[in-house]
Engineer: 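If you scroll down you'll find the structure; I have some questions about it.
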Amino acid sequence: MPGGSFPADWLRGALDLCVLAILAESASYGYAIAQRLEAAGLGAVKGGTLYPLLARLEAAGLVAPSWRTGDGGPSRKYLELTDAGRAELVHRRDLWRQFTASVDRLAYPLEAGGRHA
Amino acid sequence: MPDQDSAWANEFTIQMTVQGAGAGDIAKALADVRAHCADSGESAYEAFGDPKTYATALAAELPAKQPGIDLRAFGVLLMTAVAFGLLLVGSVSLAESRDNEVPLTLGKLLLVVVAVPAWVVLTQTRWARRRPRDPATPDRPAFDERYWRALWLALGLAVVGAALWIGLDRTLWSVSKWLFPGLGFGLLVLSQLARWLVTRSAAEAGSTAAP
């Protein structure tokens, strides 16, 4: 859904999974993650929402930080998925699939078994 | 950083400090803000919203500090406490003695090496001085029984210290009346030098945390 007008609660619920998935592609930093989320159609995620989430992932040991200096620009904190982060991503992907299947079954009762049947 | 963002950073820093975040965590968070604003072209307020709200949200996600004592800072505190004890006893000795020598009593000794340091530790250590904040009302300290217990203990120790001084008056040695003030002044100078060194090394650690 380009335009990103999803209810904010939906985004908050799925943001951990989305960020873990982005970091599974490659190490990245706050602004680039926000850009990637926007490009995926999730809308503009403000720093005030994104960075506390990144701090939570870091505190939980799911991502590891490293500071890199840009060309003449400010230092950036790159985040890389840890082994625990990769395992958590696999777990959350499974959970998300089950969750959306359950929601589909309720939201689309006429389509037998929901959309993921 | 533009003036507007400097004001934002100041408010953010204050609120992070109120929330109990360390200097290193605050420096790293500000480095994130600077990098994000440089990339996006937004002001700190546009990108992160109200600094107090952002600081509260971010501090809640930081790992809890490990309870423990900074031994170097604690050592400085004890040195300062003993120095004040020596100066206290020394100034009274100077005032009351007409001779060049004053009696060194057990009471004075216990006051300097036990009662005054214990009193200072009770009233000046972080857990007694800085009361925790309730997340619902972060702008004012929460009720904490330990704080009041420490205050009452400190008051009790002051009374015990005075009682020791007056009660245990058997002379152990006679010493020069300038000994206590001299030792106290010397130790005070040393303790302030040590405090400066500890503060400087902590500041250097904080500035290197976020390159």
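All values derive from a computational prediction rather than experimental measurement.
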Engineer: Would you mind checking if A:R76 and B:D32 are paired as a salt bridge, meaning a charged N to carboxylate O distance below 4.0 Å?
Structural biologist: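 Between A:R76 and B:D32 there is no salt bridge, as every charged N stays at least 4.0 Å from the carboxylate O atoms.
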Engineer: What is the distance from atom NZ of B:K28 to atom CD of A:E58, rounded to the nearest 0.5 Å?
Structural biologist: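 That separation rounds to 7.0 Å.
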Engineer: Are there residues of residues 48-57 of chain A whose heavy atoms fall under 4.5 Å of chain B's heavy atoms? If so, which?
Structural biologist: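 The residues closer than 4.5 Å to chain B, in numerical order, are A:G48, A:Y51, A:P52, A:A55, A:R56.
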Engineer: Can you tell me which of B:A57, B:S40, B:A59 forms the most heavy-atom pairs within a distance under 4.5 Å of chain A?
Structural biologist: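 When all of B:A57, B:S40, B:A59 are compared, B:S40 has the most.
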Engineer: Do you know which two heavy atoms are closest between B:A31 and A:W67, and how far apart they sit?
Structural biologist: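 For B:A31 versus A:W67, the nearest heavy atoms are CB-CH2, 3.5 Å.
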Engineer: Holding to side chain to side chain donor-acceptor pair (under 3.5 Å), I want the full list of residues that pass it with A:E88, two or more places apart in sequence or in another chain.
Structural biologist: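 Listed in chain order: A:R92.
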Engineer: Salt bridge or not for A:K46 and B:E42, using N-O below 4.0 Å?
Structural biologist: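 Yes, charged N to carboxylate O under 4.0 Å.
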Engineer: Please indicate whether A:Y31 has more than 12 foreign heavy atoms, meaning atoms of other residues, nucleotides or ligands, lying under 6.0 Å from its OH.
Structural biologist: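 Yes, enclosed.
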Engineer: Flag yes if more than 12 heavy atoms outside A:Y78 fall under 6.0 Å of its OH atom; otherwise flag no.
Structural biologist: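 Enclosed.
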